[in-house]
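Numbers here are sequence positions counted from 1.
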Amino acid sequence: MNISALQKERAKYQPKLPKSLNGTVKLVEGVKTESVADQKEIEELFPNTYGMPLISFEEGSDAKENAPVNVGVILSGGQAPGGHNVISGIFDGIKSINPASRLFGFLGGPGGLVDHKYIELTADIIDEYRNTGGFDIIGSGRTKLEETAQFDKGLEVARELGLNALVVIGGDDSNTNACVLAEYYASINAGVQVIGCPKTIDGDLKNEMIETSFGFDTATKVYSELIGNIQRDANSAKKYWHFIKLMGRSASHIGLECALKTQPNITLISEEVAEKKQTLSEVVNYMADIVVNRAENGDNFGVALIPEGLVEFIPEMKTLISELNDLLAEGSLKEKEFKHLKKSHRLTWVAEHITPKSAKVFKSLPNGIATQLTLDRDPHGNVQVSLIETEKLLGEMVKERLEELKKAGKFSGKFGTQYHFFGYEGRCAAPSNFDADYCYSLGYTASVLISDGKTGYMSSVRNLTAPAEDWIAGGVPITMMMNMEKRHGHMKPVIQKALVELDGAPYKYFVSKRGEWALHTHFVYPGPIQYFGPSEVCDPTTETLKLEQS
Ligand code: FBP
């Protein structure tokens, strides 16, 4: 493999571990858990993995002989910086348990388990990928693991390889499926444990026991560097409004974190839009007013951050999207009918097959956006919001509004736009020190849970604003994070997605500052991630975590 001088140096970085993982580990069982909601239903669905205790690790004293373990690892869903370090953490963890332990990687995501596609991850392979971004060591995929037939196919290869456990590295949906798999294997005494690891740049897999998902730190640092660069350009040329859409399929954590780091003029928070039940035109008016106010100061430039998931949080759009999800559900008769139509007839057909209220909203959208809403759903049945050009929709609508204001003599400035979408730029970045350490610790934690025979747990590493040696590692039963939600028209047990909390410290701080940031130019230019240098520059994690834990 050709590598740069930076990569060469970075490969030597030894990720930091919590002190409880640095020697012999003692497992301490805490209180029994229950699910966040719908306890009765979840308990009935998960009789073997419900109610298990929280687990924390402490430094142990008696070194005991451990049997070797064979582990299979799966990367699931969108890439997130640090995935390779989770795998190297598992590898080093199981080797420290017993050098005869072996690690197998399933290729191309959960589908690799079902199709029996795997490689053995040996020391040579692992060493090539330490501290690098990407998921290319084994690849990822979005195949849903949820059918018993798939679980049985997985069990065949697990038996062939003598696997004691599978580690599923994924977001809320993948970990939900990991939990279903753990329950199934436990119910048939398959002898294969399943452990989850919290991954997603979106930052929405978090709760009391999972302070953040890995990748969020690095991805937001990369986006903030880019936003800062654009802000500096905007403030130099003083002629454009930059509308920047930021990845994050549902929650606005990425937008909020980037706003806290860079202080742009406008940041939309989807959860606030939903809470205030704002219409699309109210959102547009809010943005246009800021453009007008800045223009009055002679500032015909600015930067606006738009969360990728916004359209689903505008109530009228949410209703429309949910009707479209039902209408165009994969494999349904209606979807087949839709796909057989000429492209030019599709939008009219859709408008005729949804409620009149939604049809009105659908017809009011520019054709390009309406078409984007009808494109293929993702494997979980959701609209692929990353394909919707919300930044252009808003830019065009703000322009129209400003023209109206101009006619009414209320705006005399200029409004030139540039559009950007930052998502893929950050998902495979070389992990920051924080993500390198956090991921390695999550992987190492998984190995300890496996060695102790646990199943249905997620690796949990907490106290993350403290130095890594003081982090608290352990395991949290996945059922603890679950509630019942409607998916594809049926109630299903799923891990509750964490949206931005409007009474949380990060959002409140943002609200206290955004008026000032809107009118004045108080941009911050964070610059690139630093891997070498003083700890206060290289090691700190997100503003979100700092505010949450301060
Ligand atoms: P995960 O939830 O699987 O981590 O993926 C998150 C994400 O990066 C979203 O932010 C984005 O909407 C989506 O993946 C894009 O998916 P794809 O990689 O399939 O284009």
Side-chain angles (χ1 to χ4, degrees), residues 7 10-18 20-22 57 71 73-96 103 105 121 125-138 140 167-171 174-175 178 195-203 205-206 209-222 426-450 458-465 467-469 471-476 529 531 538-542 545:
Q7 272 177 294
R10 190 64 182 155
K12 296 180 197 157
Y13 178 74
Q14 179 52 50
K16 302 185 262 307
L17 277 175
S20 62
L21 287 174
N22 265 325
F57 300 158
V71 176
V73 62
I74 298 170
L75 290 164
S76 182
Q79 286 71 248
H84 291 158
N85 272 27
V86 180
I87 295 180
S88 59
I90 302 172
F91 182 84
D92 292 352
I94 60 172
K95 290 287 183 189
S96 81
L103 182 62
L121 293 166
I125 302 177
I126 295 285
D127 287 348
E128 235 179 78
Y129 288 91
R130 288 181 192 270
N131 308 312
T132 59
F135 278 7
D136 43 320
I137 187 170
I138 48 173
S140 185
V167 179
V168 178
I169 302 173
S174 308
N175 274 289
I195 300 294
C197 278
K199 171 236 70 168
T200 178
I201 60 159
D202 293 4
L205 172 46
K206 69 173 190 175
M209 301 304 296
I210 303 293
E211 293 177 357
T212 187
S213 52
F214 79 76
F216 177 72
D217 179 82
T218 308
T220 52
K221 281 179 173 144
V222 173
R427 296 202 314 183
C428 283
S432 60
N433 278 2
F434 173 82
D435 270 326
D437 299 345
Y438 181 46
C439 290
Y440 188 75
S441 302
L442 286 170
Y444 214 97
T445 294
S447 74
V448 178
L449 292 168
I450 291 166
M458 191 184 286
S459 288
S460 157
V461 177
R462 296 181 294 126
N463 199 28
L464 295 171
T465 50
E469 58 172 22
W471 289 355
I472 301 165
V476 50
I529 296 177
Y531 300 102
C538 299
D539 291 338
T541 184
T542 58
L545 265 175

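Residues Gly196 and Asn175 approach most closely at CA-OD1, 3.1 Å, considering heavy atoms. Heavy-atom minimum distance, Thr445 versus Ala473: OG1-CB, 3.6 Å. Closest non-hydrogen pair, Ile210 versus Met458, comes out as CD1-SD, 3.6 Å. In this structure, Cys439 and Pro81 approach most closely via the heavy-atom pair SG-O, 4.1 Å. Residues Thr541 and Leu464 come closest through the heavy atom pair CG2-O, 4.0 Å. Of all the heavy atoms in Tyr444 and Ser96, the pair that sits closest is OH-OG, 3.1 Å.
Formation of a donor-acceptor pair under 3.5 Å by the Ser460 side chain with backbone atoms of Gly474 is not found in this model. Between the Tyr13 side chain and the Tyr531 main chain, no donor and acceptor come within less than 3.5 Å of each other. With Lys199 contributing its side chain and Gly78 its backbone, the two residues share a donor-acceptor pair below 3.5 Å.
Listed by chain and residue number, Tyr438, Trp471 satisfy the ring pair (Phe, Tyr, Trp, His ring centres under 6.0 Å) test with Phe434 (two or more places apart in sequence, or in another chain). For Lys16, the salt bridge (Lys or Arg N to Asp or Glu O under 4.0 Å) partners two or more places apart in sequence, or in a different chain, are Asp437, Asp539. Remark: Asn131 engages Asn85 in a side-chain hydrogen bond (donor to acceptor under 3.5 Å, both in side chains) (not counting sequence neighbours).
Under the 4.5 Å side-chain criterion, counting only non-hydrogen atoms from C-beta, Arg130 is in contact with Asp92. You'll find the side chain of Ser20 stays beyond 4.5 Å of the side chain of Ile472, heavy atoms only. In this structure, the side chains of Val86 and Val73 stay at 4.5 Å or more apart for every pair of heavy atoms. In this structure the side chain of Val167 reaches within 4.5 angstrom of the side chain of Ile450, judged on heavy atoms. Residues Thr212 and Thr542 are not in side-chain contact: their nearest non-hydrogen atoms beyond the backbone lie 4.5 Å or more apart.
The structure places CD1 of Ile87 at 12.5 Å from CG of Leu442, a figure rounded to the nearest 0.5 Å. Here the CZ-OG distance, from Phe214 to Ser441, works out to 12.5 Å after rounding to the nearest 0.5 Å. Atom OG of Ser447 sits about 11.5 Å away from atom CZ of Phe91, to the nearest 0.5 Å. Distance check: Ser140 OG to Arg427 CZ gives 8.5 Å after rounding to the nearest 0.5 Å. Of the inter-residue distances, the one linking Glu128 atom CD with Asp136 atom CG reads 9.5 Å to the nearest 0.5 angstrom. Between Thr132 atom OG1 and His84 atom NE2 the span is 5.0 Å, to the nearest 0.5 Å.
Using a 4.0 Å cut-off between a side-chain N of Lys or Arg and a carboxylate O of Asp or Glu, Asp435 and Lys221 do not qualify as a salt bridge.
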